[in-house]
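What you see below is based on every heavy atom in this structure, not just the backbone, and it leaves out hydrogens, waters and symmetry mates.
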Amino acid sequence: MIVWITGANGFIGRHLVHELAGAGHAVHGIGHGALDATEARRFGLRSWINGEIDAANLDALAAAHGLPTHLVHLAGGSSVGISIERPFEDFSRTVASTARLLEWLRGSARDCAVIAASSAAVYGADHFGPIAESAIATPVSPYGQHKFMMEQLCRSYAQSFGIRCTIVRLFSVYGPNLRKQLLWDICSRLQAKEQTLTLGGTGNEIRDWTDVRDVARLLVGVAEPPPQETFRVINGGSGRGTSVADIAAGLVRQWGSSAVVRHSGVSRPGDPVSLLADDAMLRQIGFDWCIPLDQGLADYVAWFKGQAS
């Protein structure tokens with residue numbers, strides 16, 4: 001396969017490049033971040049364009065290396081908080097960039113299979129128990145709204161122009177190199193030797209935690225849609241829910257700390273009580289999650305301590 005990855009320099013992107021390059025595929029990236037040729041090759045990229053996802057850069061990549069057979073679209077907004085602070089920026093990064101990408105594919109690479117990373121945030125805050133792909137999308141943040149708009153664009157280009165597209169709605173992805181969100185925050189405070197960690201919410205919030213290395217395997221595994229389908233949506237979750245309190249306790253244990261974790265009881269507006277995937281579709285296609293949560297947390301702590309030393 002000749003695979004292009006938008007956002008290849010990001011958290012998920014780097015793991016995905018490693019997975020694809022390790023399997024012998026030609027991988028090229030486009031997105032933001034200054035990477036010299038040596039660093040790009042070190043983690044598996046044959047080429048890298050630092051810039052916007054627009055026709056000029058996509059044309060340049062095609063002219064230099066040929067058209068892609070597969071394209072994984074990871075670029076876009078990655079923070080609910082930033083989407084609330086700067087909604088137009090989030091719209092531009094997620095929706096406008098997807099529109100430019102799809103329009104380029106329509107004109108230049110219509111046979112390319114697209115895998116687009118979306119988010120469980122499209123489901124909103126009012127679900128309890130496993131959420132199936134058929135659930136009505138009711139996003140509550142600009143981040144979730146924009147991810148859903150991105151999905152709708154992909155659906156439109158699939159139905160109108162035959163572009164084959166698989167949407168993967170990712171849940172709570174964690175793992176080595178993640179430098180934000182809950183795990184990073186807790187480990188940063190443990191490193192600072194805080195003895196009492198007060199977190200927001202109640203601690204009973206349920207999330208579907210998936211290791212980024214498994215997520216990379218999943219994105220590769222769904223790269224070839226069934227011939228009869230031009231558009232499909234798949235939950236990228238394990239179907240196993242774990243509370244925020246249990247995640248925090250697991251990190252403290254893996255760190256070897258005696259810190260006490262408390263919860264303020266104050267949740268952010270719109271923060272879901274539960275985001276848990278119905279994984280029936282993944283089981284149907286035969287995908288297995290390989291990294292148990294305890295192992296994933298241990299690996300994250302080991303990575304964090306290693307990069308901080």
Side-chain angles (χ1 to χ4, degrees), residues 1-79 82 92-94 97-98 100-101 104-105 108-109 112-117 168 170 173-181 183-184 187-188 191 210-221 223 290-291 296 299-309:
M1 296 191 300
I2 301 173
V3 187
W4 292 6
I5 302 175
T6 70
N9 193 34
F11 166 52
I12 296 175
R14 287 201 167 206
H15 286 276
L16 180 59
V17 170
H18 178 78
E19 181 76 19
L20 286 162
H25 301 297
V27 187
H28 305 273
I30 181 171
H32 292 292
L35 288 176
D36 61 34
T38 300
E39 185 179 3
R41 284 194 300 270
R42 181 178 59 80
F43 73 92
L45 280 175
R46 297 197 183 182
S47 68
W48 168 251
I49 289 182
N50 176 17
E52 293 291 334
I53 300 164
D54 58 23
N57 283 328
L58 296 168
D59 282 339
L61 193 54
H65 303 287
L67 293 173
T69 59
H70 297 75
L71 189 148
V72 186
H73 184 38
L74 300 176
S78 60
S79 166
I82 290 176
S92 298
R93 293 178 64 186
T94 299
S97 68
T98 301
R100 290 194 299 267
L101 176 65
W104 184 85
L105 288 168
S108 301
C112 176
V114 178
I115 305 91
V168 182
L170 299 175
V173 184
Y174 73 97
N177 293 316
L178 179 63
R179 290 177 166 84
K180 61 180 180 178
Q181 300 172 348
L183 274 68
W184 175 263
C187 286
S188 297
Q191 184 185 53
T210 55
D211 190 287
V212 66
R213 294 164 291 184
D214 274 339
V215 169
R217 288 178 45 248
L218 169 62
L219 293 171
V220 174
C290 294
I291 302 174
D299 290 349
Y300 186 82
V301 168
W303 165 78
F304 188 97
K305 288 183 174 181
Q307 60 87 40
S309 61

Would you confirm whether [X], through its side chain, and [Y], through its main-chain N or O, come within 3.5 Å as a donor-acceptor pair?
X: W48; Y: G33; answer: yes
X: N177; Y: F11; answer: no
X: T6; Y: A75; answer: yes
X: N57; Y: E52; answer: yes
X: T94; Y: G77; answer: yes

- CG on L71 to CG on L58, rounded to 0.5 Å: 8.0 Å

- Task: Taking the six-membered ring for Trp and the single ring otherwise, decide whether the centroids of Y300 and W184 are under 6.0 Å apart.
- Result: no

- With side-chain contact (heavy atoms from CB on, under 4.5 Å) as the test, would you mind laying out the steps for C290 and R213 before giving the verdict? CA-CA 9 Å; C290 294; R213 294 164 291 184; over 6 Å; no

- From I30, V27, L61, I49, residue fulfilling side chain to side chain contact (heavy atoms under 4.5 Å, CB included) relative to W4: L61

- Message: Tell me which one of D214, L20, L74, I5 satisfies side chain to side chain contact (heavy atoms under 4.5 Å, CB included) with L219.
- Response: L74

- Task: Tell me, please, which residues at least two apart from H15 pass side chain to side chain donor-acceptor pair (under 3.5 Å).
- Result: none

- Taken in chain and number order and not counting sequence neighbours, the residues that satisfy salt bridge (Lys or Arg N to Asp or Glu O under 4.0 Å) with R14 are E39

- Partner residues of F43 under the ring pair (Phe, Tyr, Trp, His ring centres under 6.0 Å) criterion, sequence neighbours left out: none

- Query: Taking everything shown except H25 itself, do over 12 heavy atoms lie less than 6.0 Å from its NE2?
  - Reply: yes

- Worked verdict on L105 versus V114 for side-chain contact (heavy atoms from CB on, under 4.5 Å): CA-CA 9 Å; L105 288 168; V114 178; 3.5 Å; yes

- Let me see the working for L16 and V220 under side-chain contact (heavy atoms from CB on, under 4.5 Å), right down to the final yes or no. CA-CA 8 Å; L16 180 59; V220 174; 3.7 Å; yes

- State, without any angle test, whether S79 and K180 hold a side-chain donor-acceptor pair at a distance under 3.5 Å. no

